[in-house]
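Here is how names work: the chains are called A, B, and so on, in the same order as the sequence lines, proteins then strands, and each is numbered from 1.
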Amino acid sequence: MNVTLPDGSALELPDGATALDAARAIGPRLAEQAVLARVNGEPRDLRRPLPDGASLQLLTTRDRDDPDALYVLRHSAAHLLAEAVRRLHPGVKVAIGPPIENGFYYDFEFPQPIREEDLAAIEAEVAREIAEGRTWERTEIDRDEARARFEAEGEQYKMELVDTADGSISLYTQGDFTDLCRGPHLQDATPIKALKLTGLAGAYWRGDENNTQLTRIYGTAFFTQEDLDAYLERLEQARASDHRRLGPQLDLFHMSEFSPGAALWTPRGMAIWNALEDLRRRENAKRGYLEVKTPLMWDVELWKRSGHWEKYGDNLFRIEHGESLYGLKPMNCPGHMLLFNTKLRSYRELPIRFAEAAVLHRDEPTGSLHGLTRARQFSQDDAHVFCTEEQIEDEIDAMFDYVGFLYDRFGVREIAHAELATRPDDKLGTDEDWERTEGILRTAVERQGIPYRVAEGEGAFYGPKIDFFMNDAMGRPWQMGTIQLDGQQPARLGCVYTGPDNREHMPYVIHRALFGSLERFVGILIEHYGGAFPTWLAPIQVRVLPVAEPHREEARSLAAALGDASVRADFDERDETLGKRIREAELEKIPFTIVYGDRESEESLAIRGHGGEQSQESLVNLLARLATLGA
RNA sequence: GCCGACGUAGCUCAGCUGGUAGAGCACUUCACUCGUAAUGAAGGGGUCCCCGGUUCGAGUCCGGGCGUCGGCUCCA
């Protein structure tokens, strides 16, 4: 048989040869350093026979940044972890231990709960295994044999995995530990030069909260110590951009234990908030949205009718009112539908686009709160478009255009991605309804030609949706904008319009939020910009610094002149050295600082950009420059 | 909600095995009047998250609650 190597040359091998055989045929050094084969582009265990005619690439310890090489390294590290835990904690049951982005984990059921301080001993045991040396052996067995084996060991989770596995069953053995595993794995443990256990967490078996909660140990591993150090350094830098740290530090917002999940916005934070609100209002007006306002508090009967009560009743903040039970609204849709229903509507009026950025409340689980990105009180830049079936396509295209406009404006495309979420188990309506609405959204997103992932079963109970996600500084994805196609709620709330046939028809409703929640969007922006906002968003755009006391008067009037030109300017005339005041302006990440002393006049200002770049400019020039920056 | 960790001045943190708290920054006052990332000195400031328990005595030990952080689940 033959395989093709990356340089295009062919390598002749005996039938049934493995990737490792191929490596040996090329050179002993390569065979020694090989960690993984890529066969026809797919990662594959070195020990498995190669198909004839395959293209073969061998990854070695030198491919230390290759995601597949790191995966195999970390997957093997996870097995070493399981081996160590079984030795140190007899009676533990093992579940699953995959590599993940940036590391790996393994889930265990411990006979006695363990604590974070136990990790050091486990890490030391893994280090001992690596020092002692471990090699992996792959065996393929049939299902019954595998089942019997794990049953004898009392490994109920492995048994369950055997029962649900498709295809052949393979085992990997290293030291005294044999795991049910598809692989691939390293030949031996020597490439694992740096390993660190990073955390302990509860995790439900198979991700279902009705199952037992297992103990998950997280770790990471690299081909070099240098890479581990660099990773930890990057983590530290990402932590410095955390909006929960930067927000209070830059005095944008604060949190209080007296209202968990709700932000206290400062004047500086409100400058950013209002910049987003201005943008939202301006663009909405351009794009045919009509601003409305609906009550914050409603009799819960409304949500019983819309269908929300059954699913989200527990997450509602409730208010007793005489005989009735009210709730703080968790979304705007029923309100907008009632507003739609206040008149007889003609098909000639459609589409009607109601927009409202009201404050919403949802009683989210305590453990899920996360600064601005997961809050109990937030404001969606919400809108509901009432339209006919024929109008859906154009409306959704317009929404994609709007999203694209916003994402360019903030430069956030590279941290964003889209998902199409389809019918959930507890959906309203028939499969036929859903075939239609999912089909409409799928063609809409495909028409855009943007990459997207399908999230099966993740749709809203009333319709499928296209969600836009953005990553925070730590790389965690957050759902931001959403476009949802609803053919259920309008029917439940009795929305109708009169068609050209003079008969009643139900409008479709497209729910859409583009920032998502303003809170969450600001949170992501803080992390995206690391607190150094572009001038048009910066809470303070220009700071004026009088050099000494005699310059204070003129500095003040300079700041006032900037203010008159709608620039957010302030001045710092404190009795501190100039150096110190400049330092503080830098730490506050103010885009422009003007030093004003004997040498300056309106004709010639000393301007310092954030970061230190200096220039001489007239006030008129500066104002023109700020205007081009959108200030 | 669940697993693990943490909660000391406005902020960042120190406080060994129990003996009623400390630093830097910030704040106030005074001196300096300053040219592009920290001038100096003095001073004020604390229900050590809350409630209960053990103890002669609790920031420190134990229990419960609240909040926060890392995950899991959830996210209309």
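- Considering only side-chain atoms of A/Arg362, the nucleotide from B/G67, B/A76, B/G1 that sits closest is B/A76.
- In terms of position on RNA chain B, the residue among A/Arg581 and A/Lys465 whose nearest nucleotide sits closer to the 5' end is A/Arg581.
- B/G24 sits 16 Å from B/A9 when the P atoms are compared, rounded to a whole Å.
- Checking A/Glu419 against A/Tyr452 by side-chain atom types alone, no donor-acceptor pair falls below 3.5 Å.
- Both A/Gln484 and A/Arg206 sit near RNA chain B, but only A/Arg206 has its closest nucleotide nearer the 5' end.
- The P atoms of B/C3 and B/U73 are separated by 15 Å, rounded to the nearest whole Å.
- Checking B/U39 for Watson-Crick or G-U wobble geometry (two distances, each under 3.5 Å) identifies B/A31 as its partner.
- Shortest non-hydrogen contact noted between A/Leu252 and A/Pro539 is CD2-CG, 3.7 Å.
- Contact annotation: A/Thr215 side-chain N/O to B/C3 OP1/OP2 distance is not under 4.0 Å.
- Spacing between B/U8 and B/G22 at atom C1', rounded to whole Å, works out to 10 Å.
- Taking 4.0 angstrom as the limit, A/Lys580 places none of its side-chain polar atoms (N or O) nearer than this to OP1 or OP2 of B/C25.
- Of the listed nucleotides (B/C75, B/U36, B/C34), B/C75 has the atom at the smallest distance from the side chain of A/Arg520.
- Across all strands, A/Arg476 comes closer than 4.0 Å only to sugar-phosphate atoms, never to a base (heavy-atom distances).
- At the heavy-atom level, A/Ala201 lies under 4.0 Å from base atoms of the strands shown.
- Of the N and O atoms on the side chains of A/Tyr462 and A/Thr437, not one donor lies less than 3.5 Å from an acceptor on the other residue.
- When heavy atoms are screened at a 4.0 angstrom cut-off, A/Gly367 is found touching base atoms of the nucleic acid.
- Of the listed nucleotides (B/U39, B/G70, B/C72), B/U39 has the atom at the smallest distance from the side chain of A/Glu576.
- Taking a 4.0 Å limit (strictly below) on heavy-atom distances, residues 108-122 of chain A reaches RNA chain B at A/Ile114, A/Arg115, A/Glu116.
- Phosphate contact (OP1/OP2 of B/U68, side-chain N/O of A/His370, threshold under 4.0 Å): absent.
- A gap of 28 Å separates the C1' atoms of B/U54 and B/A14, to the nearest Å.
- In the set B/G35, B/U68, B/A26, the nucleotide with an atom closest to the side chain of A/Leu369 is B/U68.
- Counting non-hydrogen atoms under 4.0 angstrom, A/Asn315 reaches a base of the nucleic acid.
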For nucleotides 40-46 of chain B, print each protein N/O atom paired with a nucleotide N/O atom at under 3.5 Å, atom names and distance only.
none

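- Within the nucleic acid shown, A/Tyr218 comes within 4.0 Å of sugar-phosphate atoms alone, with no base atom in reach, counting heavy atoms only.
- The A/Pro260 side chain lies nearest to B/U68 when the options are B/G71, B/U68, B/U73.
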List the steps, then state whether side chain to side chain donor-acceptor pair (under 3.5 Å) holds for A/Asp363 with A/Asn315. CA-CA 5 Å; A/Asp363 192 0; A/Asn315 300 319; over 6 Å; no
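- Nucleotides B/C50 and B/A42 have their P atoms positioned 33 Å apart, rounded to a whole Å.
- Distances were taken from every side-chain heavy atom of A/Val595 (C-beta onward) to each of B/A37, B/A76, B/G35; the shortest belongs to B/G35.
- The A/Leu200 side chain lies nearest to B/G4 when the options are B/C72, B/A37, B/G4.
- Comparing atom distances between the A/Thr577 side chain and each of B/C34, B/A37, B/G70 picks out B/C34 as nearest.
- Two rings, from A/Phe378 and A/His361, have their centers 6.0 Å or more apart.
- Residue contacts shown for A/Arg599 include a base, since a base heavy atom lies under 4.0 Å away.
- Side-chain nitrogen and oxygen atoms of A/Gln479 include at least one within less than 4.0 Å of the OP1 or OP2 phosphate oxygen of B/A76.
- Nucleotides B/C48 and B/A21 are separated by 8 Å at their C1' atoms, to the nearest Å.
- For A/Arg244 and B/G70, the shortest distance from a side-chain N or O to OP1 or OP2 is below 4.0 Å.
- With hydrogens and angles ignored, a donor-acceptor pair under 3.5 angstrom links the side chain of A/Arg374 to the base of B/C74.
- Among the protein residues, A/Ala606 comes within range of the nucleic acid bases, having at least one heavy atom under 4.0 Å from a base atom.
- With hydrogens and angles ignored, a donor-acceptor pair closer than 3.5 Å exists between the side chain of A/Arg608 and the base of B/A37.
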